[in-house]
Amino acid sequence: MTAELRGKSAIVGTGHAGFGEAHGLTAYDVMAQSALAALGDAGLNLFDVDGLFCTMMEDSMPALMAAEYLGIQPRFIDGTMSGGSSFVNYLTSATMALDAGLCDVALIVYGSNQRTASGRLVTASRPPAYEAPYNPRYPISAYAMAAARHMHEYGTTREQLADVAVAARAWAHHNPEAFERGPLTREDVLGARMVGDPLTVRDCCLVTDGGGAIVMVRADRARDFPKAPVYVLGSAAESSHRQISQMKDFTVTAARDSGARAFAAAGVTAADIQAVELYDAFTINTILFLEDLGFCAKGEGGAFVEGGRIAPGGILPVNTNGGGLSCVHPGMYGIFTVIEAARQIRGDAPGIQLKDIDLALAHGNGGVLSSQVTAILGSQNTL
Amino acid sequence: MPDAKGPDQIFQGALTKGEILLPKCEDCEAYHFFPRVLCPHCHGAAISWKQATGKGRVHTTTVVRRKPERGGDYNVCVVELDEGVRMMSRVEGIAPGEVAIDMAVTAFVSEAEGAPAVLFKPSEG
Ligand SMILES: [Zn+2]
C-alpha cells in the first residue's frame, strides 16, 4: 500500500485457538474458534463481518469453505494464496477494501490441525514438475540450500543459525501460550538430528495445530472498541519465484523490496522499530530477513543474531512470542507475526511484554522464500 | 496439428533419446530453464532449442537425510550450467555430503523416479 493509506485501517481484535494439539478438531473447527476469539476481543460477532480474508492448506476454495462454515455471506472475500505470507498480505487488501467501502468489518482468519491430523505438512500444493523427480523434501531442502549458500558466501556458521533457535526458545520460555518452552542450548541444536544439511530438526519450525484471527475496521471508528486500536501504517509485498531452483540469489530475498516499500509507506525506518516479528520457518529465515529488512547489512546477519543478541535482554527484540520455531507453527505461521506485533503494541502480549511499544514490524514469508510481505504496525501515538 | 509439441514435450522427448536440449531466446539470445513458450528475460516468443554443453557448477547443495532402510541419504542440489541456467538435480558418483558448492559437474541423462532425467557427476580433471 502507499503512504495515502497510512493509518487508514486498524486492528481492533486478535484471537487464536488450538495451539499445540487440537484433538478431535478439524482445520475449519480451529479456524472458526479463532474467528470467535478475535471477534470477542473486538466486542463484535460474526453477523458484523462483511469482509472475509482466508486461505487454508487443504483446499483450493478455502474462503468459500470458511464463509459457509461460519454461516456468513461476505460481500468481499480475498483468498489469495501466497503461502504463509498470505495473512500479512491480507492487511493490504483489507485496508484497501475497508477504505473503498467494499466492507466495514474485515476478518482475517486461519486454522490448521496438521499436527494431530498427520504430524506433517498437509498441502494442496503440487510439487513443481522440474524439481519433483529429484525428491527434494519440501520445504526444508529449499531452505537448507539457501542456508548452505549463505554460509558459503558470508561465512555464516551453524552456531549462528543455532543461536536463532536458542533465542526463540528463550522468548517462548516466558510465553504460556508457546508449545515448546523447555531449555534449549546451542549444543542441543547442533547435536539434534540432521534432516537437511546444514539444518537439524531444531533449526526447523514446529509442527503444531493452531489458528489465528484478526479483526480490522476503518480508522475513523477504531477507537470505539474495547481494546486499543493498532494501526496499519504500511504494508507491501514482493514475489520473486515459486520454485527454489528459480531463486536468482539464494542469499537475498524479496523482503528487501517489500520492506523498503512498507517502511516508505509508514514513513519510518528499521531503526525506529521496537519489536520485530519474522516468519521463522527455519533459522536461516531470521538471518535473511534481518538483513533484507535493513536491521543489519547483507552477510552480517549471522553475527547480528549471535550470542543472544535477539534474545530477551538483547539489542533487538525478535520473535517475542517464540516464533514458529518455539511458539506455534500450524502449516502457515504468517498471521501470528501480525497478532504478536499487535499485542506488543496493545500491551497484552502473552509472554514477555516489552515496555511502551509504539512501532512493530510483522513479516510474512511464503512458498520457498518466494513471497515476502512486510507490515508496519503502530499505536495511536504514531498517527 | 496433432503432432505439434509444446516446450515440455520437446524437452522430455529429447531426454528419452538421451539428449539435453535447452530453450534459447532468438531475440535476446539468453537461455532459460524450465522450458516455456516465452523468454522470461525479454518476453519474446521466438524460442529455439540448443544442445546443452552439459558443463556446469554446483550452485548450492543439501543432503536429504533418510533412514538406511528407506534407501539412505541422498543429494539434492541446484546446478548452474555454463549456458547460465539453473536446474535442480543431484550429483551421483560421490557421497551426498561430498557434493560442494562451486564443484565442476557434467550432466548425463539417466532415470529419476522411473522417468528420464538430467543428473550430474563430478567433472574429470
Ligand atoms: Zn529473450
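Within every chain, numbering begins at 1; the chains are lettered A, B, ... in the order of the sequence lines, protein sequences first and strands thereafter.
Using a 4.5 Å cut-off between heavy atoms, B/T61 contacts chain A through its backbone alone, with no side-chain atom that close. Looking at A/M151, neither its backbone nor its side chain comes within 4.5 Å of chain B, counting heavy atoms on both sides. Neither the backbone nor the side chain of B/A115 comes within contact range of chain A; no heavy atoms are under 4.5 Å apart. Neither the backbone nor the side chain of B/V85 comes within less than 4.5 Å of any heavy atom of chain A. Interface residue B/D8: backbone and side-chain heavy atoms are both found under 4.5 Å from chain A.
For the side chain to side chain contact (heavy atoms under 4.5 Å, CB included) with A/S245, the qualifying choice from B/H59, B/R86, B/M88 is B/M88, the only one to do so.
Between B/A117 and A/Y134, the closest heavy-atom pair is CB-OH, 3.8 Å. In terms of heavy atoms, A/N135 sits closest to B/V64 at O-CG2, 4.3 Å. When all heavy atoms are compared, the tightest approach of B/V78 to A/F250 is CG2-CZ, 4.1 Å. Taking every heavy atom of both residues into account, A/P133 and B/A112 meet most closely at O-CB, 3.4 Å.
No other option in A/P128, A/P198, A/G196, A/A147 has as many heavy-atom pairs under 4.5 Å with chain B as A/G196. Of the listed residues A/A132, A/S141, A/A144, the one with more heavy-atom pairs under 4.5 angstrom with chain B than any other is A/S141. By number of non-hydrogen pairs under 4.5 angstrom with chain A, the leading residue of B/L119, B/V118, B/V79 is B/V118.
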Subject >> Worked verdict on B/T62 versus A/Y143 for side chain to side chain contact (heavy atoms under 4.5 Å, CB included) >> reply: CA-CA 9 Å; B/T62 184; A/Y143 290 88; over 6 Å; no
**OP:** Apply side chain to side chain contact (heavy atoms under 4.5 Å, CB included) to the pair A/M145 and B/V76, showing each step before the final yes or no.
**Re:** CA-CA 9 Å; A/M145 289 195 289; B/V76 169; 4.2 Å; yes
Subject >> Check against side chain to side chain contact (heavy atoms under 4.5 Å, CB included), B/D102 and A/H152 >> reply: CA-CA 10 Å; B/D102 286 345; A/H152 176 79; 3.3 Å; yes
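In this structure, CZ on A/R137 lies 5.5 Å from OH on B/Y74, to the nearest 0.5 angstrom. A distance of 7.5 Å separates CG in A/D197 from CG in B/D73, rounded to the nearest 0.5 Å.
The 12-atom threshold is not exceeded at CD of B/E124, counting heavy atoms of other residues, nucleotides or ligands nearer than 6.0 Å.
Note: A/Y130 and B/F33 have perpendicular aromatic rings, judged against thresholds of 30 and 60 degrees for the angle between ring planes.
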